Number of protein chains: 2
Amino acid sequence: MMKKNTPATLSDVAELAGVSKAVASRALSGKNRPISADKKARVCQAAELLGYVANPFAQSLANQETGLVAIVINHISNVSDLTLFDSLIQGIQSIGKQALFVRLKSLQDIDQLQKNAFIQRVDAALVLSDLIEPQLAESLFYTHNVIMLNGKSQDRGYSVKVNEALGIKDAIAYAQRIGIKRAVLIAGRQSSVNEEQRVEHYLTHLAQANIKLESSVFCDYSYDEALAYLTAANIDMSDELGIFCTSDSMAMAAVDYCQANGVTKYSSHIFGFDNTEFSRRGCYQFSTIGFDKHDFVQSIITLVKQAQSNDLSVANEHNEKRLPTKESHLIIDTQFYLNTP
Amino acid sequence: MMKKNTPATLSDVAELAGVSKAVASRALSGKNRPISADKKARVCQAAELLGYVANPFAQSLANQETGLVAIVINHISNVSDLTLFDSLIQGIQSIGKQALFVRLKSLQDIDQLQKNAFIQRVDAALVLSDLIEPQLAESLFYTHNVIMLNGKSQDRGYSVKVNEALGIKDAIAYAQRIGIKRAVLIAGRQSSVNEEQRVEHYLTHLAQANIKLESSVFCDYSYDEALAYLTAANIDMSDELGIFCTSDSMAMAAVDYCQANGVTKYSSHIFGFDNTEFSRRGCYQFSTIGFDKHDFVQSIITLVKQAQSNDLSVANEHNEKRLPTKESHLIIDTQFYLNTP
DNA sequence: CTGAAAGCGCTAACAT
DNA sequence: ATGTTAGCGCTTTCAG
């Protein structure tokens with residue numbers, strides 16, 4: 001693989017078009033900078049000819065925008081992450097920016113984050129990891145376009161939250177309707193705020209539906225831990241028991257547990273979370289709670305754009321004081337997906 | 001969320017340490033530039049105090065390294081992608097670089113790629129997408145550190161390939177041993193070179209094992225397409241039939257197809273590919289072919305480092321001619337994972 | 001070993 | 001509307 005000769009620069013384009021660098025820059029800037037039509041045409045043609053693409057590093061240096069959007073995640077493991085990441089990358093690319101993935105396995109990785117100069121200078125940051133508190137987010141990025149997606153937020157700033165109450169309520173209402181009287185709750189990571197709220201909702205609605213919570217446990221959303229718990233606890237299945245899981249992976253474990261123990265009519269008694277494809281497969285049939293990932297991502301991308309334009313207008317006003325950004329808190333509703341054969 | 005005051009610059013550090021910018025730069029450069037011990041200490045201390053982190057955009061401009069590694073993928077959909085991406089990101093971060101994800105859904109997205117200035121200037125590119133030919137890769141990046149991971153490669157350059165012959169051979173040998181006489185092959189995307197080679201291996205070894213290939217089809221690796229095919233073709237299961245799938249998702253479809261048709265003893269007759277966790281779950285039990293993702297990623301990261309140091313040494317020699325890079329083609333072997341209850 | 005100065009490629013005043 | 005100029009923050013000659 002040969003390295004190409006060094007890429008064409010703006011100077012090359014300007015020279016070929018017979019104009020100054022400034023004119024060339026304006027012609028190609030996208031925005032409506034003052035420039036005569038014919039020169040603009042000449043410049044564009046020259047750029048085309050040379051295969052010119054502006055060096056984003058030089059651009060960043062000159063105009064304070066980087067074109068990078070950070071996606072800060074815990075390590076990837078959940079099956080529901082697949083579709084989410086796919087559309088997140090797509091969304092970010094659709095507004096002409098690049099997706100920079102930052103993976104946080106533990107609190108110790110945060111030290112590294114703080115020294116990561118790229119991260120510091122992204123145009124926006126999407127925080128999915130529950131390891132990051134709003135306060136920390138504030139000090140981690142030089143941009144104020146931080147969008148909290150992990151269920152946390154402060155008064156000022158941006159967040160997209162998922163309203164899980166709706167889906168949970170419907171799921172439990174359904175459970176009540178089919179005669180479920182007792183419940184087991186298999187939750188995810190205890191340290192997550194999302195998860196705390198979720199559990200809260202389950203408790204509330206379970207109580208309202210007169211379903212007795214027999215036991216509950218925090219796992220890490222994983223199949224293995226959930227299966228281990230069910231096996232160890234030797235959960236007694238009967239027609240009246242419902243198993244509520246806060247991830248589809250754990251619901252799969254519940255299905256396997258039932259099958260292993262010869263319980264046949266389990267499908268309508270197991271409730272997952274995330275609405276992954278697995279909830280509707282031949283083997284694994286269970287109901288699940290989820291939300292539209294596409295809507296979610298769209299909201300996020302819209303927010304990124306909006307945040308950035310706020311940013312620019314503030315900058316244009318030559319406002320010396322660093323204003324806190326406008327705030328915006330979007331909410332996406334979950335719904336209950338009934339999947340029984 | 002308040003934007004911080006503008007980040008500390010090298011000048012700030014130099015001033016605080018009472019030295020020139022040049023000295024400060026050298027002190028912090030990591031490499032062994034000539035500098036007195038006490039000044040070095042003073043500079044480091046000042047940097048620490050100010051929380052200084054070099055601006056990577058300015059650095060890139062000055063020294064031609066960007067610290068970015070592109071991961072060029074097709075859209076994410078396969079369950080086997082989860083663990084792979086997770087360790088890929090981790091690996092890239094472990095050598096102090098950032099992972100830039102580029103998602104290619106179709107050939108049309110490639111146009112955009114060619115105009116993507118970030119992509120052009122990454123330090124290395126990991127190409128997983130089968131949409132990208134070696135020749136195209138050559139013209140897409142200014143670096144020659146392009147590592148082909150999609151089964152394609154040319155003489156010069158880097159690649160890590162997976163030797164799938166071994167696992168496939170063992171799987172078919174096992175099939176023969178348990179009395180399988182007929183086979184159905186459900187393959188993935190036809191346009192993929194990886195996939196072509198794979199099919200080739202299946203054909204060869206099936207023939208050698210005297211197993212008759214009754215039908216074969218190209219799907220897109222997905223559960224849905226595979227299930228649709230099986231249903232439409234109304235495949236006749238019997239003890240002597242083996243179903244070979246080139247993804248675990250499609251193998252899951254085969255399991256569900258069998259169950260739906262009342263076939264009970266299917267587990268040892270279905271063969272997947274990727275060795276995902278799903279092949280060993282209560283519901284879905286089937287054998288699968290796969291390779292160690294961790295080894296794979298390690299090889300890739302090692303190659304990235306090696307490629308870069310070649311790069312640097314070439315640069316240091318002030319070699320005016322653009323040398324083709326050294327070449328390196330690593331091979332990872334697959335193995336057969338027998339999963340039967 | 002050190003510092004002054006040039007320059008990476010671009011944009012944004014500021015004059016014209 | 002256009003060109004000139006001055007940086008953005010850093011690394012790197014090149015003289016001391």
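Keep in mind it's a predicted model, so treat the numbers as computed, not measured. Lettering of chains follows the sequences in order, A, B, ..., and the numbering in each one begins at 1.
- Considering only the side chain of B/S25, D/dT12 comes nearest among D/dT12, C/dC1, C/dC10.
- The distance from atom CZ of B/F57 to atom C1' of D/dT11 is 17 Å, rounded to the nearest whole Å.
- For the pair A/S36 and D/dT2, the criterion of a side-chain N or O lying under 4.0 Å from OP1 or OP2 is met.
- We find that CD of A/E15 is positioned 14 Å from P of C/dC10, with the value rounded to whole Å.
- Going from atom CG of B/L10 over to atom C1' of D/dG9 covers 8 Å, rounded to whole Å.
- Here B/S20 reaches the OP1 or OP2 of C/dG3: one of its side-chain N or O atoms lies under 4.0 Å away.
- Sequence order on DNA chain C of the closest nucleotides to A/A54 and B/G18 puts B/G18 first from the 5' end.
- Between the CD1 atom in B/I147 and the OG atom in B/S328 there is a gap of 8.5 Å [rounded to 0.5 Å].
- When each of C/dT11, C/dG3, D/dT11 is scored by its nearest atom to the side-chain atoms of B/Q59, the top-ranked nucleotide is D/dT11.
- Atom P of nucleotide D/dT12 and atom CG of B/N63 are separated by 6 Å, given to the nearest angstrom.
- Taking CG of B/L126 as the reference point, atom CG of B/L128 lies at 7.0 Å (rounded to 0.5 Å).
- Nucleotide C/dG9 holds its C1' atom 15 Å from the CG atom of A/L50, rounded to whole Å.
- Taking only side-chain atoms of A/I35, from C-beta outward, the nucleotide of D/dT2, C/dT2, C/dA4 with the closest atom is D/dT2.
- Partners of B/F296 according to the ring pair (Phe, Tyr, Trp, His ring centres under 6.0 Å) rule, which considers only residues two or more places apart in sequence or in another chain, are B/F291.
- The nucleotide whose nearest atom lies closest to any side-chain atom of A/A22 is, among C/dA4, D/dC10, D/dG3, D/dG3.
- Summary of the strand contacts: B/P34 and A/S29 both lie near DNA chain C, and taking for each the nucleotide with the nearest heavy atom, the more 5' one is attributed to B/P34.
- B/E65 has its CD atom 10 Å from the P atom of D/dT12, to the nearest Å.
- One interatomic measurement links the two molecules: CZ of A/R26 to P of C/dA12, which rounds to 10 Å at whole-angstrom precision.
- Salt-bridge annotation for A/K115 and A/D111: absent, with no side-chain N of the basic residue lying under 4.0 Å from a carboxylate O of the acidic one.
- An OP1 or OP2 oxygen of D/dA1 is reached within less than 4.0 angstrom by no side-chain nitrogen or oxygen of A/K39.
- With the nearest nucleotide of DNA chain D identified for both A/V23 and B/S11, A/V23 has the one nearer the 5' end.
- Distances shorter than 4.0 Å separate none of the side-chain N or O atoms of B/R33 from OP1 or OP2 on C/dT2.
- In this structure, the CG atom of B/L61 is 17 Å from the P atom of D/dG7, given to the nearest Å.
- Ring pair B/F101/B/F85: centre-to-centre distance below 6.0 Å.
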